[in-house]
Amino acid sequence: MSIEPITGRYLSITVEGAPRRIYFEEAGQGRPVICLHTAGADTRQWRHLMNDADITATNRLIAFDMPWHGKSLPPEGFETQEYLLTTQAYIETILAVVDGLGLDRPVLAGCSMGGRIALQLAALHPDKFSGFIAIEASDFQAAWYDIDWFDRPDAHGGEMGAALVSANISPFAPRAERENTLWMFKQSGPGVFRGDLSFYTRDESLIARLGQIDTEKTPVHIIVGAYDLTCTPEDAKRTADAIPGATLAVMDELGHFPMSEHPEGFRPFFADALCKMPVHAVKAA
């Protein structure tokens with residue numbers, strides 16, 4: 001029997017002029033690292049790294065559930081709204097969490113839609129962060145699937161989402177972690193995966209902003225799995241090539257959800273990415 005070192009709390013912030021109650025988990029000490037989950041998922045994707053004593057000995061990993069996800073409830077009146085994530089709301093939420101937790105230029109690590117928004121922040125708000133780890137991230141991907149299938153009255157949205165996710169998990173992923181990863185998507189709220197994918201598959205604004213990223217001030221490291229059908233190594237390379245000074249690592253045996261589907265295989269790539277990020281003095285609490 002053991003108690004994990006991860007602690008969970010709630011943070012009250014304001015996004016788009018309305019209150020949001022954000023659930024976040026953290027583990028470790030030292031340099032703060034914000035960890036963003038993928039579309040339709042939550043902080044559980046990061047649990048293995050947050051339980052890694054070697055990683056958390058010098059890094060304070062902080063993962064939070066976006067509104068509508070995990071333990072972060074939707075805003076009041078959500079039952080009358082259609083959930084469609086926008087770049088503006090996504091950025092505002094992340095910056096509000098950083099400010100609300102009093103973080104001084106944390107590293108930002110995000111996967112999939114979290115990797116995409118990390119690159120947006122590298123272009124638009126580099127002063128707020130010390131570096132960016134963009135996992136399974138690229139400039140833009142049009143959907144090769146119909147996102148409306150994930151929110152229909154005649155189909156189970158969670159199981160449809162898990163079916164799409166399963167195609168993007170590496171065959172090398174341990175069976176237990178593959179199933180745990182799929183379970184998170186089966187639990188996603190109605191319409192949430194679709195709303196996230198609306199952002200991921202329709203907002204092309206990052207393409208024109210890649211040239212704004214200054215990696216001499218804030219490094220950008222992109223990591224991609226060879227078994228990722230949604231963001232392929234070619235997509236990631238195209239994006240890295242468009243950012244002067246960005247670095248790229250391809251994970252030969254991993255897919256689109258590496259920290260969740262195959263944490264052991266992902267760990268060395270994440271540790272290497274952290275080594276590429278600058279270390280700033282941490283303010284006393």
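One-based numbering along the sequence shown.
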Name of the residue among Thr93, Leu11, Asp42 meeting side chain to side chain contact (heavy atoms under 4.5 Å, CB included) with Phe64: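 For Phe64, the side chain to side chain contact (heavy atoms under 4.5 Å, CB included) check succeeds only for Thr93.
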Residues that Tyr200 engages under ring pair (Phe, Tyr, Trp, His ring centres under 6.0 Å), provided they are two or more places apart: none
Residue pairs, two or more places apart or on separate chains, that pass ring-ring contact (aromatic ring centres under 6.0 Å, His included) and touch residues 145-168: Phe150-Phe193
Verdict with reasoning, Met277 to Arg31, per side-chain contact (heavy atoms from CB on, under 4.5 Å): CA-CA 10 Å; Met277 302 292 114; Arg31 172 179 55 183; 3.6 Å; yes
Who are the side chain to side chain contact (heavy atoms under 4.5 Å, CB included) partners of [X], not counting sequence neighbours?
X	value
Arg60	Glu26, Ile62, Leu103
Tyr10	Arg21, Tyr23, Lys71
Ala242	Leu210
Asn180	Arg47, Glu177

Given side chains that start at C-beta, do those of [X] and [Y] come closer than 4.5 Å, heavy atoms only?
X	Y	result
Thr38	Glu136	no
Ile243	Leu119	yes
Pro67	Arg20	yes
Arg194	Glu82	yes

Derivation of the side-chain contact (heavy atoms from CB on, under 4.5 Å) call for Met184 and Val165: CA-CA 10 Å; Met184 294 181 215; Val165 167; over 6 Å; no
same_hphob_cluster(Phe257, Phe266) at 4.5 Å side-chain heavy-atom cutoff: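 Phe257 and Phe266: separate clusters.
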Geometric class of the Phe78/Trp68 ring pair [parallel <30°, tilted 30-60°, perpendicular >60°]: perpendicular
For [X], salt bridge (Lys or Arg N to Asp or Glu O under 4.0 Å) partners two or more places apart:
X	result
Asp252	none
Asp65	none
Arg238	Asp139, Asp235
Asp203	none

Sidechain N-carboxylate O distance under 4.0 Å for Lys128, Asp99: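 A salt bridge links Lys128 with Asp99.
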Any donor-acceptor N or O pair under 3.5 Å, side chains Gln120, Ser205: yes
No-hydrogen, no-angle side-chain donor-acceptor test under 3.5 Å, Thr86 and Gln88: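 No, no side-chain donor-acceptor pair sits under 3.5 Å.
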Residue pair Phe199, Leu84: steps toward the side-chain contact (heavy atoms from CB on, under 4.5 Å) verdict: CA-CA 7 Å; Phe199 155 77; Leu84 294 173; over 6 Å; no
Crowding at CD, Gln81 (>12 non-hydrogen neighbours, <6.0 Å): yes
Any residue meeting side-chain hydrogen bond (donor to acceptor under 3.5 Å, both in side chains) with Ser260, in chain and number order, not counting sequence neighbours: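 Listed in chain order: Thr181.
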Residues in side-chain hydrogen bond (donor to acceptor under 3.5 Å, both in side chains) contact with Glu264, at least two apart in sequence or another chain: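 With sequence neighbours excluded, Glu264 shows a side-chain hydrogen bond (donor to acceptor under 3.5 Å, both in side chains) to no residue whatsoever.
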